[in-house]
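In what follows, a single structure is set out as structure tokens and then discussed.
Every chain is numbered from 1 and lettered A, B, ... according to where its sequence line falls, protein lines coming before strand lines.
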Amino acid sequence: MANNWILGIMKYMKEYDHKKIENKWQKEWEKKEIYHAKDQKGQNKKPKYYSLIEFPYPSGDGLHVGHPRPYIGMDVISRKRRLQGYNVLYPIGWDAFGLPTENFAIKTGKDPRIVTKKNSDTFRRQIQSLGISFDWSREINTTDPRYYKWTQWIFLQFLKKGLAYKAKMTINWCPKDKIGLANEEVVDGCCERCGTAVEKREKEQWMLAITKYADRLHKDLDDVDYLPQIKLGQRNWIGKSEGAEIDFPVVNPRVKRFLILHGRSSTPKDNFYPWLKMELESKGFKVEVPEMPGRGEPNDIEQADFVEKNCTLNKETVIVGHSMGGLVALRLLERGIKVHGVVFLATPITGRFLDGKVRSSVTAAAVRGFDYEKIKKQADFFKILSDSTDSVVSQEDGKILAKNLGSFYQAFPGNEPHFSGKEEPEVLSYLLPNIKVFTTRPDTIFGATYLVLAPENPYVQSRMGISENKTEIEKYLIETKKKDEITRLNTEKEKTGVELKGLKVINPATNEEIPVWVADYVLAGYGTGAIMAVPGHDERDFQFAKKYDLPIRRVVEPIQIVTEGESAVKNDQSFVKRNAVCAVVRNPKDNTYLCSSWKAFKMNGLITGGVEEGEDMIEAAKREVYEETGYKNLRLVTNPDFAIQNKFYHRVKKQNRWARFQYMFFDLVDESRDQISEEENQIHDIVWVKKEELKNFFTVIEGQFILDLIDNPNYIFLGRGILHHSQKFDDMDSEQAKKEIIKFVGGKEKTIFKLRDWIFSRQRYWGEPIPVINCQKCGLVPVSEKDLPVELPKVKNYQPTDSGESPLANITKWVNVKCPKCKGKAKRETDTMPNWAGSSWYYLRYTDPKNSKAFADNKNLKYWLGNDPRHGGVNWYNGGNEHTTLHLLYSRFWHKFLFDLKLVPTNEPYMKRTSHGLILAEGGEKMSKSKGNVVNPDDIVKRYGADTLRVYEMFMGPFDQAIAWSEEAIIGPRRFLEKVWRIGEKILTSSNFSALRPSLEYKGGTLGQLKIERSLNLINLLHKTIKKVTEDIEGMNFNTAISSMMILSTEMDKAESVTREDFKIFLQILSPFAPHITEELWNMLGEKKSINLSEWPKHDENLIKDEEVKIVVQINGKLRTEIFVKANENEEDVKRKVLKDENVLRHIAGKEIKRVIYVKNRLVNIVI
RNA sequence: GCCCGAGUGGCGGAACUGGUAUACGCGCACGACUUAAAAUCGUGUCUCGUAAGGGAUGUGGGUUCGAUUCCCACCUCGGGCACCA
């Protein structure tokens, strides 16, 4: 019986026919549903494991050999987990919306649905031929209406919570693809996809408020296990910076008095007028609040008469016209009265006017039809603070009023309704404006010598009218607008800007008046669009200040604290402060510098000394040079007001010193020199040191700063240090001073982010339609959830329109719908979602891919993600480096949002994230169809087999690094598998080879009990290999795992005998890499159940211990010989043995042994 | 410019926490088998040197008994960010 069986095998064996084997097992596995994950916890007691790869975009080019690398990697892990007893979910699907398919449709007119189907069929066939253990029963496709129904549904939840909104945006527009691009899709000012230069366009866009989650997206990275560089990428992109918002009050010397004119019904009813009056008076202004006649049924003409007669009106007056009072102001100006300015507070008070109709004051003004051209000439500025959005369309005869109103606003551009009308400080801030800046360096505010506004900052517009250099500013604004993104963001280019002349603000720290500039190096979209410029401590401000000759003030000075040696600061003593100078004296003849070298101890530095009471700094420096070196004629080159604070212990005076050394640069006029005192001579030597040698010469840290200063006269100190020129904050540590200074200037601590809200609409066809209906009456109305999905209609032409609308806009049948609210005429939104949408939640769908009631059943989510909010999610997610910022960030955002709605059980989607490197073409270039260097896995599978391809891809190099494909090297893994096959063949066919079975003897025992040496070594190696492979897989060190198995296979092949048990263990640890061949051999060895259902072997610690170890013998660190000793041999015995070795004796002959270093089980190093 | 990562044979790469540098694979050379070739197997393969020994992990320095590994400076390549106050 047994013989027959072996004979049968012998016939069957012969060569390794990968085609037969792989086909057979792939069918068998699918038939037995061996890789299908089981949902319900009750049915299986196994712990769950969710491993995930990024689902592919099924492009028309088909799979290339780079695609499967991550799939194989996670497959190895998933297969290992199954053997380790987990219920594994390893799913796949298609991320099939997107541009390439659409562009193909545009070119060929083919329906993207059909193209997608064809492409994904090809991808599926190719991936399946690799024997990856995906659960194909859970396959999903983002373009399937049953899938995108839920993408749309999630969007509606965003809409409901106010996190999806429409905004007019200047967007990046790719003129070739005719598509709006998100910031992250623009690379170097060009379209990420096609490389065309990006243009700017104004467009209404759907936005997702990802910035609301910025802080959590940043902070929660602490809880997840991502590779450090991935976390870093996320953090950089979010761009958190902590700082402060600080107000700089605007100075306007021409305003002396305010005239507050009541509104129609607003008797000093509330605290508003008294409050405003008090506030203004407290700032030193004259304020007049006349008691207006004709309350109740006001008449602006009558009131204007009254004001003209009783109040002071001149060029120093600003009229604050509240409601009806605003009309009175208009009347006055129309009569030819000149004032400095008018602020028209059009708060939401409506009432019955002279014409008997009810409307707000702005509406009333519009109806009156003033002579705006004349009015505008009477005042330097005319500011309308209005909330009267309701008055744009009148309740009664809307159209006419709207027209009039339009002309009113047209007359005063930049005054569109924007005012909330409620907050008193808001009113005040318009009367006495502040410019708000954001800074991360409030500690440097004493060095803020000017302010810079971004050209887009609204304050520039509103202020321009009264600027002395209005035309210059206008010109600059036009210029910057013309500049495209590339030139504007080019840091190399010289900074430009223009001063807002006549405008000064007060630095709230110094109370000095400082100028205000407009410059495009300040970005409107970040912070407040305004900065305080500190040229002394910011490179950009410094460049700008140099160019426009603005004052530079250094307020933070580096500090050096001596902590070692005899000059180390004594912790128990307080400091004695001194002003000191440091003279940098150059001899221009040979470009050397005057230095001193102390005789008593190793200290090399410059000429320094204390400043005496009342002494001038420069004189002090010259005096010190003269006293210490005798040089008489010095010429001051520069005194940059640069100093270093120095804390040390004065050895002579025996006290802690805190000295401030101010650096001054001198040139030697001539070399004339007096004798120096003997006393000085005793202390140090005078040396002239060449500039190149200074670096090595200085023993003190300040040397570094001096070199920076010498090499670069524009050196500015950017680091943390000690404050100076900062009044009461002098001598404080800059970091500590931040908070106190913010408080001192009345600022507010604030954290801001670089992250912008996500532009979520695309004017394209092949994406999920945004499920919103546009109704003239009701505005934006969400499609009711029961009407989802909003399916993409078929179109004839996929070309986007030139106006930038999606091709959907032309499908009138689809676009025109009834409003779900009022049943009136309405239009569908024609924008579609970006293809980040479907991939932001796909991993949730895998847990319950066929659910038609919810995006996934809660039970399934809880099972597969876990129920611990802080430590749950997909167990292991591997993907490409190119997706570690955007896709990861977006899906984390969606997940957190769903978590807040209690729709998912965890706070984070993925517990662990790793990346793989790309596989490049043989030349090291990226594989692409256009370059013609694509390697198709079909050919490799056909020639070498899927197992060989898998082993090769895992073996070729470190998993996380990019690597070039090599057609030559693939033969190595193939030979390895053939060797494995041969060993199996030998075991099956040669009873001699597999006869010796010491397995029962060694189980649980130590190697010492074993007598058969060959097997013994093999068993030792086997167990070491189990350990290594087990560990290496966890660290994704697949290449070294395979390398160790190659070694094992060589040893087994060479061995006189290998037991079935041992070989089967080898097959098990190899099976994640090469599942087909191992399954076949496993089966041939008589196993009835799949190797996939077996148990992952464990190594036996006792069996990997070496009996004998090699000790490396070094002499003076050089390898001389090696000896073998028993493991854990006593140190003395080893040393004794080493010293008897003839090689050793030869080397140490006649020399004295100074030291012997011993590292247990490793080496002996003899120092002679 | 800033921030990461990496530089090791002819090539892909290995080396634990500072302890034999070059594992494993490719290639190449030689040998065995063969009429022959392919395939396979075996042996060898950093470099100089007959040898003893010396020199090599991008370059230069440092710490150490001992450095691919730690520190400093520089060079090159790859990736990310790029006027983010």
Side-chain angles (χ1 to χ4, degrees), chain A residues 15 188 228-230 232-233 235-237 239-241 243-244 437-442 444 448 452 454 488-493 495 519-523 525-534 537-541 543-544 695-696 752-756 881-882 884-885 917-918 924 951-952 955-958 960-976 978-979 982 1028 1031 1037 1039-1047 1049-1050 1053-1054 1110-1122 1146-1147 1154-1168:
Chain A
E15 67 176 314
D188 291 330
Q229 64 270 31
I230 298 177
L232 195 72
R235 290 215 161 95
N236 284 344
W237 194 264
K240 181 177 182 171
S241 47
V437 305
F438 174 80
T439 178
T440 52
R441 293 295 302 271
T444 61
V452 190
R488 187 154 168 201
L489 287 181
N490 183 0
T491 40
E492 307 290 301
K493 111 196 146 165
K495 302 201 177 346
D520 66 0
Y521 82 90
V522 173
L523 305 176
Y526 188 73
T528 59
I531 59 150
M532 64 177 210
V534 185
H537 300 283
D538 182 282
E539 303 256 24
R540 296 151 299 176
D541 298 341
Q543 281 175 27
F544 193 75
K695 196 170 114 189
N696 295 326
I752 63 171
F753 299 91
K754 273 195 261 187
L755 189 69
R756 292 284 92 102
N881 284 310
E882 67 278 22
T884 49
T885 37
L918 285 179
V951 171
Y952 174 59
F955 179 65
M956 61 197 300
D960 59 344
Q961 275 167 45
I963 193 159
W965 181 261
S966 163
E967 196 71 57
E968 250 184 2
I970 199 168
I971 191 70
R974 169 72 195 196
R975 285 177 188 152
F976 163 58
E978 280 170 0
K979 193 180 279 182
R982 197 165 54 234
K1028 179 144 183 69
E1031 287 168 1
N1037 300 314
N1039 53 338
T1040 51
I1042 291 168
S1043 146
S1044 69
M1045 287 188 286
M1046 284 173 166
I1047 295 169
S1049 72
T1050 304
D1053 191 28
K1054 275 198 227 162
K1110 188 158 71 176
I1111 298 279
V1112 170
V1113 181
Q1114 296 180 333
I1115 289 163
N1116 282 351
K1118 287 215 168 85
L1119 176 72
R1120 290 305 171 196
T1121 187
E1122 46 197 37
R1146 189 157 50 86
H1147 277 99
K1154 284 187 186 151
R1155 221 176 126 186
V1156 180
I1157 286 141
Y1158 173 74
V1159 182
K1160 193 172 157 190
N1161 294 341
R1162 274 267 151 90
L1163 66 73
V1164 173
N1165 186 11
I1166 301 165
V1167 188
I1168 52 175

Atom pair [atom1] ([X]) and [atom2] ([Y]), whose distance is rounded to the nearest 0.5 Å:
| X | Y | atom1 | atom2 | result |
| --- | --- | --- | --- | --- |
| T1040(A) | F955(A) | OG1 | CZ | 10.0 Å |
| Q229(A) | T884(A) | CD | OG1 | 8.0 Å |
| I1111(A) | K1160(A) | CD1 | NZ | 10.5 Å |

Measure from [atom1] on [X] to [atom2] on [N] and round the result to the nearest Å.
| X | N | atom1 | atom2 | result |
| --- | --- | --- | --- | --- |
| N1116(A) | A67(B) | CG | P | 11 Å |
| M956(A) | G12(B) | CE | P | 12 Å |
| N1161(A) | U17(B) | CG | P | 18 Å |
| F753(A) | C81(B) | CZ | P | 19 Å |
| R974(A) | A39(B) | CZ | C1' | 12 Å |
| E967(A) | G27(B) | CD | C1' | 15 Å |
| I1115(A) | A52(B) | CD1 | C1' | 14 Å |
| L232(A) | G80(B) | CG | P | 14 Å |

If the threshold is 4.0 Å, N to carboxylate O, is there a salt bridge linking E978(A) and R974(A)? yes
At under 4.0 Å between heavy atoms, what does [X] touch on the DNA or RNA strands: base, sugar-phosphate, or nothing?
| X | answer |
| --- | --- |
| P958(A) | sugar-phosphate |
| E1122(A) | base |
| R982(A) | sugar-phosphate |
| V1167(A) | sugar-phosphate |
| H537(A) | nothing |
| I531(A) | base |
| I963(A) | sugar-phosphate |
| K1118(A) | sugar-phosphate |
| N236(A) | nothing |

Can you figure out which of [options] approaches the side chain of [X] most closely?
| X | options | value |
| --- | --- | --- |
| K495(A) | A85(B), A14(B), C83(B) | C83(B) |
| E978(A) | A23(B), U40(B), G12(B) | U40(B) |
| S1043(A) | C83(B), C24(B), G66(B) | C24(B) |
| S241(A) | A85(B), U40(B), G19(B) | A85(B) |
| R1146(A) | A85(B), G53(B), G25(B) | G53(B) |
| I971(A) | C81(B), A15(B), G27(B) | G27(B) |
| N1165(A) | C4(B), A85(B), C65(B) | C65(B) |

Position toward the 5' end of RNA chain B (nearest nucleotide), E968(A) or A964(A):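 Its nearest nucleotide being more 5', the pick is A964(A).
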Between I1157(A) and D541(A), name the one whose nearest nucleotide on RNA chain B is closer to the 5' end.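 Per heavy-atom nearest nucleotide, the more 5' residue is I1157(A).
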Does the [X] side chain pair with the main chain of [Y], one donor and one acceptor, at a distance under 3.5 Å?
| X | Y | value |
| --- | --- | --- |
| R1120(A) | G1117(A) | no |
| S1043(A) | N1039(A) | no |
| N1116(A) | I1168(A) | yes |

Applying a 3.5 Å limit to both distances, which nucleotide forms a Watson-Crick or G-U wobble pair with [N]?
| N | answer |
| --- | --- |
| C81(B) | G1(B) |
| A29(B) | U43(B) |
| U69(B) | none |
| U64(B) | none |
| G49(B) | none |
| A14(B) | none |
| G7(B) | C75(B) |

Please evaluate the base of [N] for a donor-acceptor partner in the side chain of [X] within a cut-off of under 3.5 Å?
| X | N | value |
| --- | --- | --- |
| K1154(A) | C65(B) | no |
| Q1114(A) | G19(B) | yes |
| R1162(A) | C16(B) | yes |

Counting heavy atoms not belonging to E539(A), are there more than 12 under 6.0 Å from its CD? no
For [N], does OP1 or OP2 lie under 4.0 Å from any side-chain N or O of [X]?
| X | N | value |
| --- | --- | --- |
| Y526(A) | A85(B) | yes |
| R441(A) | A85(B) | no |
| S966(A) | C11(B) | no |
| R975(A) | G27(B) | yes |
| N1039(A) | A14(B) | yes |

Rounded distance in Å between the [atom1] positions of [N] and [M]:
| N | M | atom1 | answer |
| --- | --- | --- | --- |
| C11(B) | U34(B) | C1' | 31 Å |
| U20(B) | A14(B) | C1' | 14 Å |
| C16(B) | G10(B) | C1' | 29 Å |
| C72(B) | C77(B) | P | 23 Å |
| A38(B) | G27(B) | P | 13 Å |
| G12(B) | U17(B) | C1' | 28 Å |
| G78(B) | A23(B) | P | 29 Å |
| G79(B) | G66(B) | C1' | 35 Å |

Considering all heavy atoms, the nearest M532(A)-D541(A) contact: O-OD2, 3.9 Å
Run Q543(A) and Y521(A) through side-chain contact (heavy atoms from CB on, under 4.5 Å) and show every step you take. CA-CA 11 Å; Q543(A) 281 175 27; Y521(A) 82 90; over 6 Å; no
Does G55(B) count as syn, meaning its glycosidic angle lies within 90° of 0, or as anti?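 Glycosidic conformation of G55(B): anti.
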